[in-house]
Each structure stands twice: as C-alpha cells, then as structure tokens.
**Student:** 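Below: one structure in structure tokens.
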Amino acid sequence: MVSQSVMYACTKAAEIAFESIPESIIQINGLLGASQGQIKGFHVFSIVSSILAAGFIMMEANFGFIQSKRLSSPGDPYFGWIPTDSKKRLRCMLGMFVFLAAYFGVFVYASSLLVAVKNGTLLLSAYHVFNFIMVCARMAQKGELFGFSLVAQPSTFTNYIGPFIIWSFYYLLTCAAPLLIASAPMEFGPGIFSSLIVWSSLGNGVMIFIGLAALGKHPYLNMSNGMATYGVALVLMAVGLFLFFKNMDEGFDISLFWRRKLGKQHAMNCWVDKKIWYKGYNSKDDDVWGWVGYIHPTYFPFDEILPWLDDLATKYEDEQVERPEWLEGDKFVKGIVTIYHWYGKDQERADEALVKLFGRSGKDLEVGVNGQLSYIKKKVTTPLLLSRSLASLLGGGPK
C-alpha cells in the first residue's frame with residue numbers, strides 16, 4: 001500500500017507533469033507568435049505566475065514528503081536535512097522554491113522555443129529519448145533497471161512495464177521540476193538524480209541556443225536577450241541552491257544528495273541497523289516484514305533472509321507463544337518464496353524454517369502463467385460408489 005506522503009507528493013508531481021508543463025509551453029508559444037504590440041502586461045504576468053506556481057507546488061511536495069518521512073523514520077539519514085530552527089527552515093524553503101521555479105522556467109522556455117520552430121519538436125523528442133535511454137543504461141549498470149515493478153512481488157508483465165512507467169515519469173519530473181522521491185537510493189538514486197539535473201540545466205541551454213538561432217528575425221526576441229534570460233535563470237538557480245544547502249540541518253551530510261549509492265546497499269543498511277525502522281511498527285522484526293512485503297526483490301538483502309527466518313523459527317515455533325499479526329497466514333510464505341524464486345536460489349533451508357513456523361513451504365507453491373506464485377490446488381476426487389449414487393438420484397448412471 002502506498003503511504004499518504006508518497007501519494008500526496010505524486011499527486012503534486014502529476015499536476016506539474018500533466019497541467020503546469022503543457023500550460024506553460026502553450027502560453028509561451030502564444031507570446032512567441034504575437035507581435036510586440038499585442039503583448040500586454042497581463043500575458044507576461046500569467047506566464048510568470050504559472051512558473052512561480054510550479055516552483056511552489058514542487059517545493060511544498062518535497063518538504064511535505066521529507067517531513068513525513070523524517071517523522072516516520074527518524075533514523076534514516078536521507079530524510080534528516082530539514083532544519084529544526086524555524087527561520088532556517090523558511091530560508092531553506094525559499095532556496096528550494098527559487099531553484100525549482102528558475103529550473104522549471106528554463107525547461108519550459110527551451111521546450112517552447114523548439115516547439116515554435118521547424119523540426120524543433122522532432123529535435124526535442126530525440127534529445128529526451130536519448131537522455132532517457134542513457135538514464136536506463138545507468139540503471140542497468142547499477143543492476144537495478146528492473147528494480148521497480150507495478151507491485152513489489154512482480155509478475156512477468158509488471159516487471160517489464162513498471163520500469164518504463166516509473167522511470168519515464170521520474171525522468172520528466174527531474175528534467176522539469178525535481179521530486180526528491182526520485183533521488184532515494186531505491187529509485188533513481190542520488191548519483192543519477194543529481195547528474196540528470198546538471199545535465200538538463202546545461203542541455204536546456206543548448207536547446208535554447210538552437211531554438212533562438214532557428215527562430216531567426218523576431219519582433220522582440222533575439223540571441224542576445226534570449227541567452228541573457230537563460231543566464232539570469234542560471235544565476236537564480238545557483239542562489240536558490242546556495243540558500244537551500246546553507247540552511248540545512250547542521251548534522252546532515254550534504255554529500256548524500258549526490259553520492260552514488262545502490263538501492264540494495266541502502267536496503268541492507270536499513271535491514272541491519274537497529275535504529276532505522278518506522279515508528280508505526282512495534283519492533284524491528286515488524287519493520288523487516290514491512291520490507292519483505294513492500295520492496296522489490298532486486299533490492300532485497302538476500303543473505304539476511306535465512307538468519308532472520310531461523311531466528312523467527314526459534315522465537316515462534318512453540319504455538320503457545322503469541323505471534324504478531326504479520327506472521328499469520330499464507331502471505332508470509334509467498335513473500336519469502338517470491339524472493340528466492342526471483343534470485344533463482346535453492347530454498348531448501350528456507351523451506352525448513354517455514355515448515356517449522358507454518359507447516360507450509362515453497363513446495364506448496366507453483367509458478368503461474370503470469371510469473372506469479374500461487375498455492376497448488378489439490379484435486380478433490382469423488383469416491384466411485386458416491387458418484388454412482390448421485391447419478392442414480394439424478395436419473396442417470398449405468399443401467
């Protein structure tokens with residue numbers, strides 16, 4: 001189940017992707033097609049307000065998401081940058097807002113210029129397709145290209161369609177208005193996330209230059225003032241980043257924003273560190289089960305499963321000992337076996353521990369057509385004498 005904080009942030013992100021971006025591009029294209037005398041102050045105000053609104057929406061989404069994560073998992077180092085001092089927090093928020101607004105403005109400015117010129121849309125599409133392929137190549141290099149399906153325990157379909165949907169959505173947002181969810185180690189990761197922001201900032205400058213050159217003679221926009229606008233936006237982005245990083249919580253390691261870290265490494269840290277677990281759980285075991293049922297098998301700290309299962313079997317093999325709710329039913333068995341199935345590992349030792357806990361194991365599961373595991377259905381055979389009696393009652397059967 002998706003948490004409320006993630007749902008809120010993704011809703012705001014969808015608002016940017018499907019409303020703010022097309023709206024701003026259409027408005028700027030309208031200005032590019034108008035003569036100087038047709039442009040009124042209201043038109044300029046409308047575009048500026050749309051860009052500022054986009055920056056504010058994403059700033060609010062990022063701060064809300066991180067604040068929620070910090071409260072729910074205070075031991076996780078990635079969520080500790082919001083300052084406790086109210087004045088520093090406001091300056092930090094202002095810095096993020098200035099950066100996001102300027103960054104978003106550069107993106108829609110570059111996109112609008114290319115859409116307005118001949119073959120510009122084709123060039124813009126090729127540019128983003130190339131960038132997206134490079135991002136996917138980096139994810140494949142990490143070994144985590146298929147680290148996000150539509151569900152945590154993937155079928156064949158969701159395993160392949162999931163990355164395309166999620167990574168393309170993250171890519172679009174990171175190019176237009178970065179959402180910090182994407183920077184988490186088990187998503188894009190801080191290395192790819194920060195690199196894409198830098199690359200997009202510079203790449204959009206090249207796109208602006210090409211667009212201005214192709215635009216030719218224009219009533220009020222030329223190469224000089226067009227590139228100057230881009231330069232001002234870069235300065236604003238730098239000022240915003242300075243305010244943002246300068247006013248972070250003093251104990252936060254800033255390098256976590258760009259230091260390369262695999263999702264599997266982060267999952268291992270969270271698994272073994274007794275201080276990192278969500279407040280909603282009653283114990284570290286509860287939190288670990290949350291990982292089993294939630295994260296994709298790609299990120300799972302596989303070598304930790306067997307010791308954990310043996311520990312659970314020791315604790316709860318006696319039926320008189322009260323078990324937590326998550327240790328009841330078939331979902332646990334299926335979750336563990338799914339991970340073994342994903343890695344293609346021998347699960348004999350795991351089956352032994354599962355039998356001690358539940359009396360059932362992976363031997364009771366089979367792989368369906370869609371790649372998911374399900375329990376084997378036992379055929380119920382009707383005794384011959386009973387079947388003949390039923391047939392006689394129904395007027396049939398042997399004469």
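For the numbers below, each heavy atom of this structure counts, side chains included, while hydrogens, waters and symmetry mates do not.
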**Student:** So, for Ala350 and Leu309, which heavy atoms are closest and what is the spacing to 0.1 Å?
**Tutor:** CB-CD1, 3.9 Å
**Student:** Give me the atom names and distance for the closest heavy-atom approach of Cys270 to Asp76.
**Tutor:** SG-OD2, 4.1 Å
**Student:** Could you pull out the closest heavy-atom pair between Ala13 and Leu173, with the gap in Å?
**Tutor:** CB-CD1, 3.2 Å
**Student:** Can you tell me if CZ on Phe302 sees more than 12 non-hydrogen neighbours from other groups inside 6.0 Å?
**Tutor:** yes
**Student:** For Asp351 and Tyr340: C-alpha separation, side-chain torsions, deciding distance, then whether side-chain contact (heavy atoms from CB on, under 4.5 Å) applies.
**Tutor:** CA-CA 10 Å; Asp351 281 340; Tyr340 272 84; over 6 Å; no
**Student:** I'd like to know if the side chain of Gln265 and the backbone of Leu262 have a donor-acceptor N/O pair within less than 3.5 Å.
**Tutor:** yes
**Student:** Considering non-hydrogen atoms only, spot the tightest contact between Leu327 and Tyr316 and give its length.
**Tutor:** CD2-CD1, 3.4 Å
**Student:** Main chain of Ser46, side chain of Ser50: is a donor-acceptor contact present, judged purely on distance under 3.5 Å?
**Tutor:** yes
**Student:** Assess the pair Phe252 and Phe257: is the distance between their ring centroids shorter than 6.0 Å?
**Tutor:** yes
**Student:** When you compare the side chain of Thr121 with that of Leu124, does any pair of heavy atoms fall below 4.5 Å?
**Tutor:** no
**Student:** Taking C-beta and beyond as the side chain, do Val106 and Ile208 meet within less than 4.5 Å on heavy atoms?
**Tutor:** yes
**Student:** With a cut-off of 6.0 Å (strictly less than), are more than 12 heavy atoms of other residues, nucleotides or ligands near CD of Glu348?
**Tutor:** no
**Student:** Run Ile197 and Thr174 through side-chain contact (heavy atoms from CB on, under 4.5 Å) and show every step you take.
**Tutor:** CA-CA 6 Å; Ile197 289 176; Thr174 308; 3.9 Å; yes
**Student:** Membership question, hydrophobic clusters at under 4.5 Å side-chain separation (ILVMFWY): are Leu90 and Phe242 in the same one?
**Tutor:** no
**Student:** Could you tell me whether Trp199 atom CH2 has more than 12 heavy atoms of other residues or ligands within 6.0 Å of it?
**Tutor:** no
**Student:** Ignoring hydrogens and angles, tell me if any N or O in the side chain of Asp310 forms a donor-acceptor pair with the backbone of Pro307 under 3.5 Å.
**Tutor:** no
**Student:** Do side-chain atoms of Arg349 reach the backbone of Leu306 as a donor and acceptor pair under 3.5 angstrom?
**Tutor:** no
**Student:** If you draw a 6.0 Å radius around CE in Met134, do more than 12 non-hydrogen atoms from other residues or ligands fall strictly inside?
**Tutor:** no
**Student:** Are the side chain of Arg323 and the backbone of Leu357 linked by a donor-acceptor contact shorter than 3.5 Å?
**Tutor:** yes
**Student:** Please name the pair of heavy atoms, one in Ala102 and one in Met237, separated by the smallest distance, quoted to 0.1 Å.
**Tutor:** CB-CG, 3.5 Å
**Student:** Ring centroids only, cut at 6.0 angstrom: are Trp81 and Phe244 within range, meaning strictly under it?
**Tutor:** yes
**Student:** To the nearest 0.5 Å, how far apart are CG in Leu234 and CE in Met227?
**Tutor:** 8.5 Å
**Student:** Does the ring center of Phe45 lie less than 6.0 Å from the ring center of His43?
**Tutor:** no
**Student:** Check whether more than 12 heavy atoms from other residues, nucleotides or ligands sit under 6.0 Å from atom NZ of Lys356, and answer yes or no.
**Tutor:** no
**Student:** Between Asp286 and Pro324, is any pair of side-chain heavy atoms under 4.5 Å apart?
**Tutor:** yes
**Student:** Measure up the Trp167 and Tyr170 rings against each other and bin them: parallel (under 30°), tilted (30 to 60°), perpendicular (over 60°).
**Tutor:** tilted
**Student:** Establish whether Val206 and Leu114 are linked, either directly or via other cluster members, by ILVMFWY side-chain heavy-atom contacts under 4.5 Å.
**Tutor:** yes
**Student:** Do the non-hydrogen side-chain atoms of Leu100 and Pro178 ever get within less than 4.5 Å of each other?
**Tutor:** yes
**Student:** Would you say Asp253 and Arg259 make side-chain contact, with heavy atoms under 4.5 Å?
**Tutor:** yes
**Student:** List the steps, then state whether side-chain contact (heavy atoms from CB on, under 4.5 Å) holds for Lys261 with Tyr78.
**Tutor:** CA-CA 11 Å; Lys261 187 173 187 180; Tyr78 281 88; 3.0 Å; yes
**Student:** Are the side chains of Leu172 and Phe107 in contact, using a 4.5 Å heavy-atom criterion?
**Tutor:** yes
**Student:** Is it true that a side-chain atom of Asn247 and a backbone atom of Leu243 form a donor plus acceptor pair closer than 3.5 Å?
**Tutor:** yes
**Student:** Could you tell me whether the side chain of Asn62 and the main chain of Leu180 form a donor-acceptor pair under 3.5 Å?
**Tutor:** yes
**Student:** If two hydrophobic side chains count as joined below 4.5 Å and joins carry through other members, does Val44 share a cluster with Tyr230?
**Tutor:** yes
**Student:** Would you indicate whether the side-chain heavy atoms of Leu354 and Val337 approach each other to under 4.5 Å?
**Tutor:** yes
**Student:** Of all the heavy-atom pairs spanning Met223 and Ala213, show the shortest one and how long it is.
**Tutor:** CE-N, 3.7 Å
**Student:** Could you tell me whether the side chain of Leu145 reaches within less than 4.5 Å of the side chain of Cys136, counting heavy atoms only?
**Tutor:** yes
**Student:** Please tell me whether Asp311 and Thr314 have a donor and an acceptor in their side chains that are separated by less than 3.5 angstrom.
**Tutor:** no
**Student:** Quiz question: by atom type and distance under 3.5 Å, do the side chains of Arg138 and Gln141 form a donor-acceptor pair?
**Tutor:** yes
**Student:** Report the relative orientation of the aromatic rings in Phe18 and Phe169; use parallel for angles under 30°, tilted for 30 to 60°, perpendicular for over 60°.
**Tutor:** parallel
**Student:** Between His128 and Tyr171, is the ring centroid distance below 6.0 Å?
**Tutor:** yes
**Student:** Run the numbers on Arg91 and Lys246 for side-chain contact (heavy atoms from CB on, under 4.5 Å), then give the verdict.
**Tutor:** CA-CA 9 Å; Arg91 289 195 293 268; Lys246 181 70 175 177; over 6 Å; no
**Student:** Rounded to the nearest 0.5 Å, how far does CD1 of Ile192 lie from CD of Glu144?
**Tutor:** 8.5 Å
**Student:** Answer with yes or no whether the hydrophobic clustering places Met207 together with Leu122; edges join I, L, V, M, F, W, Y residues whose side-chain heavy atoms lie under 4.5 Å apart.
**Tutor:** no
**Student:** Distance from Tyr109 atom OH to Asn204 atom CG, nearest 0.5 Å?
**Tutor:** 11.5 Å
**Student:** What distance do Phe104 atom CZ and Ser20 atom OG have between them, rounded to the nearest 0.5 Å?
**Tutor:** 5.0 Å
**Student:** How many angstroms lie between NZ in Lys284 and CG in Asp287, if you round to the nearest 0.5 Å?
**Tutor:** 4.5 Å
**Student:** Does the His266 side chain pair with the main chain of Met186, one donor and one acceptor, at a distance under 3.5 Å?
**Tutor:** no
**Student:** For the atom pair CD1 (Ile21) and OG (Ser111), what is the distance rounded to the nearest 0.5 Å?
**Tutor:** 8.0 Å
**Student:** I'd like to know if Val48 and Phe97 are part of one continuous hydrophobic network [Ile/Leu/Val/Met/Phe/Trp/Tyr, side-chain heavy atoms within less than 4.5 Å].
**Tutor:** yes
**Student:** Verify whether one side chain among Ser283 and Asp285 offers a donor that lies under 3.5 Å from an acceptor in the other.
**Tutor:** no
